[in-house]
Protein chains: 2
Amino acid sequence: MAAKDAHHPDLDDVALTTVLAALADPLRLGLVRLLSDGAERQWGELDAPVAKSTLSHHLKVLRSSGITRTRDEGTRCYVHLRAEELEKRFPGLLRNLLDAEGHGATTVGLKQPRPSA
Amino acid sequence: MAAKDAHHPDLDDVALTTVLAALADPLRLGLVRLLSDGAERQWGELDAPVAKSTLSHHLKVLRSSGITRTRDEGTRCYVHLRAEELEKRFPGLLRNLLDAEGHGATTVGLKQPRPSA
DNA sequence: TTCGATGTTCGACGAACTTCGAATAATGTG
DNA sequence: CACATTATTCGAAGTTCGTCGAACATCGAA
């Protein structure tokens with residue numbers, strides 16, 4: 001299963017410092033950048049240069065910081081940005097962070113669904 | 001003396017994650033909030049609930065992250081926000097962070113110049 | 001020069017974070 | 001039912017961070 005006790009905090013209960021701390025990590029910022037198109041992604045799609053358990057950990061941090069939302073479906077787990085809620089809580093912040101150049105974020109891509117044509 | 005090898009980085013060399021990490025600390029965010037009026041403050045003026053050495057450490061972090069600028073004058077040391085430069089590097093970001101409600105920042109005040117009337 | 005004020009630097013400590021591999025749990029398939 | 005897939009959790013190791021007190025360095029004044 002995935003994220004059984006996934007508690008998604010009410011954004012009103014999340015302090016700015018919590019969000020900043022979550023986004024200060026290069027990998028997590030990279031994940032947010034990837035998710036910034038609003039699409040919902042599956043764990044397996046994410047191509048990050050870390051072990052699965054590490055990825056799981058970082059996604060948990062993002063979740064408990066109120067930045068992402070997790071949805072289970074069978075054995076799969078989907079993530080997406082809580083963009084609208086973040087916009088209400090911290091107006092303009094997300095846009096600001098995503099537009100920044102020279103972000104030190106780790107590049108997180110998408111795995112190729114099928115290697116051949 | 002104060003901040004002998006105080007190297008202030010060019011903001012173009014500062015990554016977003018560096019700034020976020022610096023501002024993710026409650027005390028440092030509190031310092032930035034205090035300095036956000038643009039005024040130049042002296043070390044001694046700052047009333048923060050930490051030891052001197054700790055305060056010095058945090059101010060050093062802010063300095064090396066490009067957020068503040070330090071100026072020596074005799075034995076005194078003055079700090080101020082690099083607001084304009086930050087605005088150029090990360091447009092709107094500072095304003096966004098300062099406007100946020102429910103920031104988890106430590107309150108940093110100013111010491112009374114003279115205790116009695 | 002001696003003293004006082006102001007910051008910085010130096011260990012040192014515990015807490016928190018990052019990372020991994022292995023073990024675990026849940027679902028879907030043969 | 002047995003097995004593969006998917007994601008979480010656990011335990012451990014190593015690193016970084018925040019904090020402090022004490023020692024040090026510098027400038028200004030007496």
Side-chain angles (χ1 to χ4, degrees), chain A residues 1-8 15 17-31 40-65 68-80 104-106 108 110-111 113, chain B residues 1-8 17-31 40-65 68-80 104-106 108 110-111 113-114:
Chain A
M1 66 150 52
K4 74 174 113 237
D5 57 353
H7 56 122
H8 299 81
T17 50
T18 302
V19 174
L20 294 182
L23 264 30
D25 183 274
L27 181 58
R28 289 195 291 261
L29 184 58
L31 286 166
E40 189 175 54
R41 304 292 184 183
Q42 189 191 332
W43 256 226
E45 282 185 276
L46 306 175
D47 188 19
V50 291
K52 273 187 186 292
S53 55
T54 303
L55 180 61
S56 185
H57 163 68
H58 284 299
L59 287 168
K60 183 177 175 183
V61 172
L62 287 175
R63 190 170 55 221
S64 60
S65 303
T68 61
R69 191 174 287 281
T70 291
R71 181 175 65 84
D72 286 29
E73 187 172 304
T75 48
R76 326 276 169 60
C77 198
Y78 296 91
V79 230
H80 69 97
T106 299
V108 178
L110 293 175
K111 288 179 181 169
Chain B
M1 68 150 52
K4 77 174 112 232
D5 56 351
H7 56 123
H8 298 80
T17 49
T18 302
V19 173
L20 294 182
L23 264 30
D25 183 273
L27 181 58
R28 289 196 290 261
L29 185 58
L31 286 167
E40 189 175 53
R41 303 292 185 184
Q42 189 191 333
W43 256 226
E45 283 185 277
L46 307 175
D47 189 19
V50 291
K52 271 185 188 290
S53 55
T54 304
L55 180 60
S56 185
H57 163 68
H58 284 301
L59 286 169
K60 183 177 175 183
V61 172
L62 287 175
R63 190 169 56 223
S64 60
S65 303
T68 61
R69 191 175 288 280
T70 291
R71 181 175 64 84
D72 286 29
E73 188 170 306
T75 48
R76 326 275 170 59
C77 198
Y78 295 89
V79 231
H80 68 97
T106 299
V108 178
L110 293 175
K111 288 179 181 170
R114 22 187 172 54

Spell out, as yes or no, whether a donor-acceptor pair under 3.5 Å connects the side chain of [X] to the backbone of [Y].
X       : Y       : result
A:Arg28 : A:Ala22 : yes
A:Ser56 : A:Lys52 : no
B:Thr54 : B:Val50 : no
B:His8  : B:Thr70 : yes

* If you check the B:Cys77 side chain, which of C:dG7, D:dG18, D:dT9 turns out closest? ->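 Among C:dG7, D:dG18, D:dT9, the one nearest the side chain of B:Cys77 is C:dG7.
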
* Structure fact -> Taking C:dG7, C:dT18, D:dT6 as options, the one with an atom nearest any side-chain atom of A:Thr75 is D:dT6

Rounded off to whole Å, could you give me the [atom1]-to-[atom2] distance for the [X] and [N] pair?
X       : N      : atom1 : atom2 : answer
A:Gln42 : C:dG28 : CD    : P     : 13 Å
A:Leu62 : C:dC17 : CG    : P     : 14 Å
A:His58 : C:dC17 : NE2   : P     : 12 Å
A:Asp25 : D:dT15 : CG    : P     : 17 Å
B:Leu59 : C:dT9  : CG    : C1'   : 15 Å
A:Glu73 : D:dT6  : CD    : C1'   : 13 Å
B:Arg71 : C:dG7  : CZ    : P     : 12 Å
B:Asp72 : D:dA25 : CG    : C1'   : 13 Å

* Asked: What are the two closest heavy atoms between B:Val108 and B:Gly30, and how far apart are they?
  -> CG2-C, 3.8 Å

Quick one: is [N] close enough that its OP1 or OP2 comes under 4.0 Å of any side-chain N or O from [X]?
X       : N      : value
A:Arg76 : C:dA26 : no
B:Arg28 : D:dT19 : no
A:Trp43 : D:dT8  : yes
A:His57 : C:dC17 : no

* **A:Thr17 side chain reached by B:Leu23 side chain, heavy atoms, under 4.5 Å** => no

* Going by the side-chain hydrogen bond (donor to acceptor under 3.5 Å, both in side chains) test, name the single residue among A:Arg71, A:His80, A:Arg69 that passes it with A:Glu40. =>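 With A:Glu40 as partner, side-chain hydrogen bond (donor to acceptor under 3.5 Å, both in side chains) holds for just one option, A:Arg71.
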
* Quick one, which residues of residues 45-56 of chain B touch DNA chain D with a heavy atom under 4.0 Å? ->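 Within residues 45-56 of chain B, the residues near DNA chain D are B:Val50, B:Ala51, B:Ser53, B:Thr54.
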
